[in-house]
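Below is one structure, written out as structure tokens, with a few remarks after it.
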Amino acid sequence: MDENKELQETTQETIKEENPILEYGSSIIQTSKGTVHVLTIVGQVEGHQVLPPSSKSTKYEHVMPLLAMVEESEAIDGLLVLLNTVGGDVEAGLGIAELIAGMSKPTVSLVLGGGHSIGVPLAVSAKRSFIAPSAAMTIHPVRLNGLVIGVPQTFYYFERVQERITQFVTANSKIKRETFTELMLKTGELAADVGSVIYGQEAVELGLIDEIGGLSSALDCLHGMIREQRAAEQQQ
């Protein structure tokens, strides 16, 4: 019995190691055009607190070292980020977004379904961003669950965190700061919250996302960026 149990555990670990899609939601596509690492950010971005097992989540402690591996690997030419997230931990999401924005390799993001809350900085962190026509993005102020100490320092902290998000989004997209702030503080659109929901074409018109498109458009763009980087490296 003990031998069978040990064999089952070993087999499960082997499956996890050989199938990164199951464990980390990532895969590698190898073609004559180049090698692309596909990273999916789905469900809720999990931060310092562990979410319930029933919740679909993306764990930042998995994504961060994975991004470092992609950046350093000589075998990988570019990164495609597929987003369908409701948001999650602000600092974990910002940390992942900063890593993607700081990569030297070609990066493309594609919003499918939704890129809500902290999903907005994640969507704009890539060098080129796409959104499906039916996808939505929710922009709202920072919120905190649990005990809140009612002192001025708490509200100042919220303000500073919100400023970090605003600075990152406006620095990595074409949206104007005034427009982003207006969308974030808009009233009357969300039933129980302050903020706005924008959809595919509107996100592009506002300058938040670069282009409307699907998977083929995002991959074509990424392959084009890979070709340009290869040509630039050959000229050096």
Side-chain angles (χ1 to χ4, degrees), residues 39-48 57-68 70-71 78-112 114-131 135-144 155-186 193-198 200 202-211 218 221-222 225:
L39 171 67
T40 57
I41 298 178
V42 297
Q44 193 167 345
V45 178
E46 185 180 277
H48 303 300
S57 64
T58 298
K59 302 179 185 296
Y60 81 114
E61 69 268 25
H62 291 173
V63 175
M64 286 184 167
L66 191 149
L67 289 172
V70 171
E71 174 69 6
L79 174 72
L80 175 65
V81 183
L82 302 179
L83 281 158
N84 190 354
T85 176
V86 296
D89 188 281
V90 172
E91 292 195 346
L94 269 181
I96 296 171
E98 288 283 8
L99 278 176
I100 297 173
M103 295 178 71
S104 62
K105 289 188 176 180
T107 55
V108 171
S109 66
L110 173 59
V111 180
L112 299 160
H116 306 291
S117 192
I118 200 62
V120 175
L122 287 166
V124 304
S125 62
K127 292 179 174 64
R128 195 73 180 171
S129 59
F130 287 79
I131 186 169
M137 304 182 79
T138 303
I139 302 170
H140 61 70
V142 173
R143 297 172 299 182
L144 182 66
F155 299 104
Y156 179 65
Y157 170 74
F158 279 2
E159 185 179 352
R160 291 293 298 274
V161 173
Q162 189 60 63
E163 179 61 23
R164 287 160 58 193
I165 295 172
T166 301
Q167 285 184 354
F168 183 88
V169 172
T170 53
N172 290 275
S173 69
K174 300 184 184 72
I175 194 169
K176 295 180 180 178
R177 182 186 180 89
E178 297 77 14
T179 304
F180 186 76
T181 303
E182 181 181 345
L183 290 168
M184 182 178 61
L185 300 177
K186 190 174 181 180
D193 200 358
V194 176
S196 304
V197 179
I198 59 176
E202 187 181 3
V204 174
E205 292 173 355
L206 290 168
L208 186 61
I209 299 296
D210 293 319
E211 293 183 49
C221 177
L222 185 56
M225 293 168 67

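The model shown is predicted, which means the values in this text are computed figures rather than measured ones. In this chain, numbering begins with 1 at the start of the sequence shown.
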V70 versus M103, closest heavy-atom pair with distance: CG1-CE, 3.7 Å
Salt bridge or not for R164 and E91, using N-O below 4.0 Å? yes
Looking at side-chain heavy atoms only, is the closest gap between L67 and I100 below 4.5 Å? yes
So, the side chain of H116 versus the backbone of G87: is there a donor-acceptor pair under 3.5 Å, distance only? no
Is there side-chain contact between M137 and E202, with at least one heavy-atom pair below 4.5 Å? no
Measuring from atom CG of L122 to atom CZ of F168, what distance do you get when rounded to the nearest 0.5 angstrom? 7.5 Å
Look up atom CG in L39 and atom NE2 in H62, then write down how far apart they are to the nearest 0.5 Å. 12.5 Å
Can you confirm whether K186 is buried at NZ, in the sense that more than 12 heavy atoms of other residues, nucleotides or ligands lie under 6.0 Å from that atom? no
Tell me, with the steps shown, if E178 and T181 meet side chain to side chain contact (heavy atoms under 4.5 Å, CB included). CA-CA 5 Å; E178 297 77 14; T181 303; 5.9 Å; no
dist T40:OG1 -> L110:CG (nearest 0.5 Å) comes out at 12.0 Å
Answer yes or no: is there a side-chain heavy-atom contact under 4.5 Å between H140 and S117? yes
Closest heavy-atom contact between P141 and V194? CD-O, 3.2 Å
Mind running side chain to side chain contact (heavy atoms under 4.5 Å, CB included) on V169 and F180 for me, showing each step along the way? CA-CA 9 Å; V169 172; F180 186 76; 3.8 Å; yes
Donor-acceptor pair, distance only, cut-off 3.5 Å: does the side chain of T85 make one with the backbone of V42? no
Close side-chain approach of V81 to T107, heavy-atom, < 4.5 Å: no
Kindly compute the distance separating CG (D89) from CD (E46), expressed to the nearest 0.5 Å. 9.0 Å
List the steps, then state whether side chain to side chain contact (heavy atoms under 4.5 Å, CB included) holds for L206 with L183. CA-CA 10 Å; L206 290 168; L183 290 168; 3.7 Å; yes
Which pair of heavy atoms, one from V204 and one from E211, lies closest together, and at what distance? CG2-C, 3.7 Å
Could you tell me if the side chain of K105 sits less than 4.5 Å from the side chain of L79, heavy atoms only? no
Can you see which heavy atom on L94 is nearest to which on I165, and at what distance? CD1-CG1, 4.0 Å
Quick check against the 3.5 Å criterion: does K127 have a side-chain atom that pairs as donor or acceptor with the backbone of L222? no
Go through it in stages, so that I can follow the logic: the residues are V124 and L208, the test is side chain to side chain contact (heavy atoms under 4.5 Å, CB included), and I'd like the CA-CA distance, side-chain angles, deciding distance and then a yes or no. CA-CA 7 Å; V124 304; L208 186 61; 4.0 Å; yes
Hey, does the side chain of Q44 reach the backbone of V86 with a donor-acceptor pair shorter than 3.5 angstrom? no
What heavy-atom pair brings N172 and A101 nearest, and what distance separates the two atoms? OD1-CB, 3.9 Å
Neighbour count above 12 (heavy atom, 6.0 Å) for E205 CD: yes
Atom CD1 in I41, atom CG in L83: separation rounded to 0.5 Å? 5.0 Å
Taking G114's backbone N and O only, do any of them form a donor-acceptor pair with N84's side chain (distance below 3.5 Å, no angle check)? yes
Could you tell me which non-hydrogen atom of V45 sits nearest to which non-hydrogen atom of G93, and how far apart they are? CG1-N, 4.0 Å
Hey, is CD on E163 packed in by over 12 heavy atoms from elsewhere, all under 6.0 Å? yes
